[in-house]
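Okay, so here's the structure we're looking at.
Computed from a predicted structure; not experimentally measured. One-based numbering, in listed order, for ligands and for the atoms of each. Along the sequence shown, residues are numbered consecutively beginning with 1.
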Amino acid sequence: MPPASKAHRPAASRAPRARRGRFVVLDGPDGAGKSTQVQLLAEQLAKRGVHTLSLREPGGTTAGEVIRSLLLERRQDRLTPVAETFLFEAARAQLVEEVIRPALAQGTWVICDRFTLSTLVYQGHAGGVDARAIEQMSKLATGGLKPDLYLVLWVDANVGIARRESRQADRMEAKGRRFIEDVAKAYKKLAGGRRSPYAFIQAAGLVEDVRKRIWERVETLL
Ligand code: TYD
């Protein structure tokens, strides 16, 4: 099993395998609390008898983890936003083909920390890479696979920065305040509108409140 993936099996009975699994994504700015919520969601689904697999992007495959260290190592300061885009999309293509599609086909639910919107926000809106080019690349990388539910956990830049202060910044996080503000704004713009295809969740409050908001959405897929 690749290091970044975590399988949760329900304690008592196994979920029926005939039905395709659901694909749920949690995305949002750094410091929105995604990894905590991915874990809570996986536990809650397991209690309901759903077999889940939790993943994070970039990563989740052997190639993806190598790409991850390339992207997040602080020594690699000179990657251009276009180079980053290719690397994130390459990791994604591998993850979709090698892990996500087979899991869904077996009836496993996949919960993924970040997906295509991250690239559109970080490399596109904040990094300056053409958004349409990114959309094309994401389509190629995913083979058209779309999440059944795409949640965006949103916090403004100040909350995100405060929550991350205790952690050592990686290369993406070290891009500076302006970049972090651009990221937060882009998530709001792309996901916060009335007609947005994303489920926009205010994530500045208590972990338990955010968990409930997420569960309300996920429950509809059961
Ligand atoms: P990670 O430590 O996983 O951050 P987080 O816990 O906030 O998800 O690092 C992922 C970093 O990579 C994060 O700063 C966002 C960035 N990223 C992109 O810039 N583009 C992408 O397409 C993806 C998937 C992530």
Side-chain angles (χ1 to χ4, degrees), residues 2-6 25-41 54-61 63-74 76-77 79-96 99-100 110-131 133-142 145 147 150-157 159-187 190-191 203 207 210:
S5 58
K6 223 166 149 189
V25 172
L26 274 76
D27 209 324
D30 298 273
K34 295 185 304 314
S35 45
T36 304
Q37 294 296 342
V38 165
Q39 201 182 335
L40 291 172
L41 180 58
S54 309
L55 304 167
R56 67 162 185 212
E57 273 208 345
T61 63
E65 290 297 324
V66 174
I67 293 173
R68 180 182 179 87
S69 55
L70 193 63
L71 279 161
L72 302 185
E73 274 275 331
R74 286 203 70 174
Q76 297 290 339
D77 271 335
L79 281 177
T80 69
V82 172
E84 286 175 0
T85 305
F86 278 103
L87 289 169
F88 281 116
E89 296 291 3
R92 179 167 301 139
Q94 199 64 30
L95 186 67
V96 167
V99 182
I100 299 179
V110 174
I111 306 170
C112 195
D113 186 337
R114 298 193 180 280
F115 202 54
T116 49
L117 184 59
S118 282
T119 320
L120 206 51
V121 166
Y122 283 80
Q123 282 65 51
H125 284 249
V129 180
D130 180 64
I134 293 180
E135 275 162 4
Q136 289 295 317
M137 287 172 72
S138 291
K139 210 168 162 191
L140 189 66
T142 59
L145 179 73
Y150 203 129
L151 297 148
V152 172
L153 272 54
W154 191 79
V155 290
D156 72 25
V159 173
I161 290 167
R163 283 191 182 168
R164 301 297 294 233
E165 250 165 16
S166 53
R167 289 172 50 168
Q168 200 192 359
D170 61 30
R171 201 186 70 85
M172 298 301 300
E173 290 166 15
K175 290 193 171 187
R177 190 178 176 93
R178 170 87 193 278
F179 187 84
I180 294 169
E181 281 169 358
D182 288 348
V183 163
K185 268 190 220 147
Y187 271 112
L190 294 173
V207 170
V210 179

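Proximity annotation for atom 1 (P) of ligand 1: of E84, E57, R68, R68 comes nearest, heavy atoms only. Across Q123, R163, K34, heavy-atom proximity to atom 19 (O) of ligand 1 is greatest for Q123.
Under the 4.0 Å criterion applied to side-chain N and carboxylate O atoms, E181 and R178 are not assigned as salt-bridge partners. The pair D30-R114 meets the salt-bridge criterion, with a side-chain N (NZ, NE, NH1 or NH2) lying under 4.0 Å from an Asp/Glu carboxylate O. Between R68 and E73 there is no salt bridge, since none of the side-chain N atoms of the basic residue sits less than 4.0 Å from a carboxylate O of the acidic one.
Every atom of ligand 1 with a heavy atom of R92 under 4.0 Å away is listed here by number and element: 22 (O), 24 (C). Distances below 4.0 Å separate heavy atoms of L72 from the following atoms of ligand 1: 9 (O), 11 (C), 12 (O).
Residue-to-ligand polar distances place R114 within reach of ligand 1: an N/O pair is separated by less than 3.5 Å.
With a 4.5 Å cut-off on side-chain heavy atoms, L41 and L26 count as touching.
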Legend entry - Test salt bridge (Lys or Arg N to Asp or Glu O under 4.0 Å) applied to R56 and E65, step by step: CA-CA 10 Å; R56 67 162 185 212; E65 290 297 324; 3.3 Å; yes

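Not close to ligand 1: R56, with no non-hydrogen atom less than 4.0 angstrom away.
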